[in-house]
Structures are given as structure tokens and as C-alpha cells.
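To keep things clear, I will list the structure first and then write my remarks on it.
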Amino acid sequence: MTPSETRPRRPRVPGTLRAAALCALLLTVTAALLAAHGWAPLGPERAAHAWAVAHRTDAAAAAALVITATGSGPVPYALALLSGALAGRTPRERLHTAATALAVLLLGQAVRYGLMELITRPRPSEADWTARATGHSFPSGHSTTSLLVAGILAWAVLTRVHRTPARRLTLTLLGIWAASVGATRVYLGVHWPGDVLAGWLFAAAWLSLTLHLVRTGRLPVPRAPASPRTPTTAPQPPNCS
């Protein structure tokens, strides 16, 4: 027996934890880069903000306001409850899962709010705003919330829907919605692009960590199957008649 065969194998780190660590690392790098510049906007951020202000039309701003409104207020929390109710199979399981989905969202928001108060990055000039905004800028609350809710809804869909086309369509629409909410924050002048990126990275890390807890049974909720199964027909014996 060779030494390589007798050497104990290192435990493999689950993919969900690797994803969470990667997103957390990228968030840290983003924050460190901005902190090195005194939290002032970087050149690409200034350029994106200037472009949004210069190309903002009344019709586009009105549409952006409608989209951005879905990333805050009662809508995300109602969607989180809906996703929990959708994933459950019995009344008791639906209630438990809805409460768990809401808790995941609320805890994520609490951590995000703590980061925002710790960093206190200023927003763009209020003269450029086309939407009301409160609090500090980094990370973006709307971007974080919309991606968290999109992830929770995606989990609910993967748990209950087994047809690949329906899964892909739903996941695509959820991704477009979360991306659109984040983009509107820059377009409406209330966030720098780095704030939106940080919100997405934080939400992705939080969702990956939550998925790890689900897969390891530490968060007792219905689990989505790894992949949809295509029913197969058992082979028929030859007809000898």
C-alpha cells in the first residue's frame, strides 16, 4: 500500500460553503477597494452615475420607480411568505416553511443593516435623486432584498416544480427582476454601482449559507430535488405469440 493510499483524505468542503465564502471574499475586496479611496465613488461609478442622470427620461424614470418599489416595503416580505407556503406540502409544513423563509429574509436584512451602519458610505448628491432614499449607501438595501427574495422564491419553485422548462423560465424571470431592481437604484440616482454590487454579493453569500443549512438538515424545510427526473418505461418482454 502506497503512502498516498494510507494518507487520510481531507473532508471535501460543500459547494454551497465554497460559494458563500467566494461571495463574502468578493464583498470584502469590494469594500476594501472603496475604503482605500475613502468611500468616495470610483471612476467607473462616477461615469455610470453621470450617464444615468444625463439619459434619464420621464417615462423611463416612472417605469424605474415601479420596478424599484417591488424591492422594498411589504412586497418582498409577502413574496417570502408566499414562497414558504408554496414549498410546503401540508398546512402545518406551509406555516413552518413560510415562517422560516421570512426569518431568513429578516435575519439577512438585519446583518445588511449592521454593515450599512458600520460603513456609513454617503449616497450620491440628493440633487440627482428621482426616488426617496433613507440611510447610508453601502450595501444597497433594495438590491440585497430583491436578490434574497428571488433566491427564496427560486428554492420554492425548485421544490414544487419538476419540469425543466418551467424551472428555467421561472429562474430567468426571477433573475431579471432582481437585476432590474438593482439597476434602477443607479438609474434613479440614489446609489453608486458599488453599492448595488455589494448588495448582490451579500445576498448571494447569505443564500448560499442558507442553502447549506437546508442541505445538511440544520434548517428543516422541504428540499428541492437535485434535478428533475424523466420517467422511464420498463422494457417489455418480447412477444412470443
Side-chain angles (χ1 to χ4, degrees), residues 18-73 76 108-109 111-151 154 171-209:
R18 292 200 302 269
L22 176 60
C23 292
L25 175 62
L26 293 175
L27 175 60
T28 303
V29 170
T30 302
L33 179 62
L34 291 171
H37 289 77
W39 295 104
L42 304 178
E45 290 187 295
R46 291 184 182 276
H49 178 77
W51 184 93
V53 172
H55 294 80
R56 190 184 297 151
T57 64
D58 292 340
L65 285 170
V66 172
I67 295 172
T68 207
T70 63
S72 183
Q109 292 285 51
V111 175
R112 192 270 311 170
Y113 187 82
L115 288 174
M116 183 183 70
E117 290 297 314
L118 178 66
I119 293 172
T120 65
R121 187 189 194 192
R123 293 179 181 271
S125 171
E126 192 171 350
D128 295 333
W129 295 7
T130 314
R132 191 178 73 87
T134 58
H136 302 293
S137 192
F138 184 99
S140 165
H142 282 68
S143 303
T144 302
T145 305
S146 58
L147 187 55
L148 283 176
V149 173
L171 297 181
T172 300
L173 292 176
L174 289 173
I176 291 174
W177 170 63
S180 299
V181 171
T184 60
R185 305 309 288 166
V186 176
Y187 186 75
L188 295 171
V190 294
H191 274 292
W192 303 109
D195 307 330
V196 174
L197 175 61
W200 286 338
L201 288 172
F202 171 77
W206 192 258
L207 289 171
S208 298
L209 181 59

Legend entry - Donor-acceptor pair between Q109 and T145 side chains, under 3.5 angstrom: yes
Legend entry - Within 6.0 Å of CD in E126, more than 12 heavy atoms from elsewhere: no
Legend entry - Heavy-atom donor-acceptor pair, S180 side chain to I176 backbone, under 3.5 Å: yes
Inset, instruction - Could you tell me whether the side chain of W192 and the main chain of A40 form a donor-acceptor pair under 3.5 Å? - result: no
Legend entry - A24 to A205 - nearest heavy-atom pair and separation: N-CB, 4.1 Å
Inset, instruction - Applying side-chain contact (heavy atoms from CB on, under 4.5 Å), run through L34 and I119 and close with a yes or a no. - result: CA-CA 10 Å; L34 291 171; I119 293 172; over 6 Å; no
Legend entry - Nearest atoms (heavy-atom pairs only) where L188 meets L65: CD1-CD2, 3.9 Å
Legend entry - Distance (rounded to the nearest 0.5 Å) between L33 CG and W39 CH2: 9.5 Å
Legend entry - Gap between atom CG of L174 and atom CG of L147 - 0.5 Å precision: 10.0 Å
Legend entry - Side-chain donor-acceptor contact under 3.5 Å, H136 with R123: no
Inset, instruction - Supply the atom-to-atom distance L207 CG to F202 CZ, rounded to the nearest 0.5 angstrom. - result: 9.5 Å
Inset, instruction - Answer yes or no: is there an ion pair linking R185 with D195, defined by an N-O contact shorter than 4.0 Å? - result: no
Inset, instruction - State the CH2-CD1 distance between W177 and I67, to the nearest 0.5 angstrom. - result: 11.5 Å
Inset, instruction - Mind listing the closest non-hydrogen atom pair of H55 and Y187 along with its distance? - result: O-OH, 3.3 Å
Legend entry - Taking every non-hydrogen atom, the tightest pair across V186 and A52: O-CB, 3.7 Å
Inset, instruction - Can you see which heavy atom on H191 is nearest to which on V196, and at what distance? - result: CB-CG2, 4.3 Å
Legend entry - Option passing side-chain contact (heavy atoms from CB on, under 4.5 Å) with R112 (candidates P139, S143, S140): P139
Legend entry - Gap separating the CD atom of E45 from the CG atom of L197, nearest 0.5 angstrom: 9.0 Å
Legend entry - F138: which of T30, L115, T120 passes side-chain contact (heavy atoms from CB on, under 4.5 Å): T30
Legend entry - Least distance between heavy atoms, P124 atom then H49 atom: CB-CE1, 3.5 Å
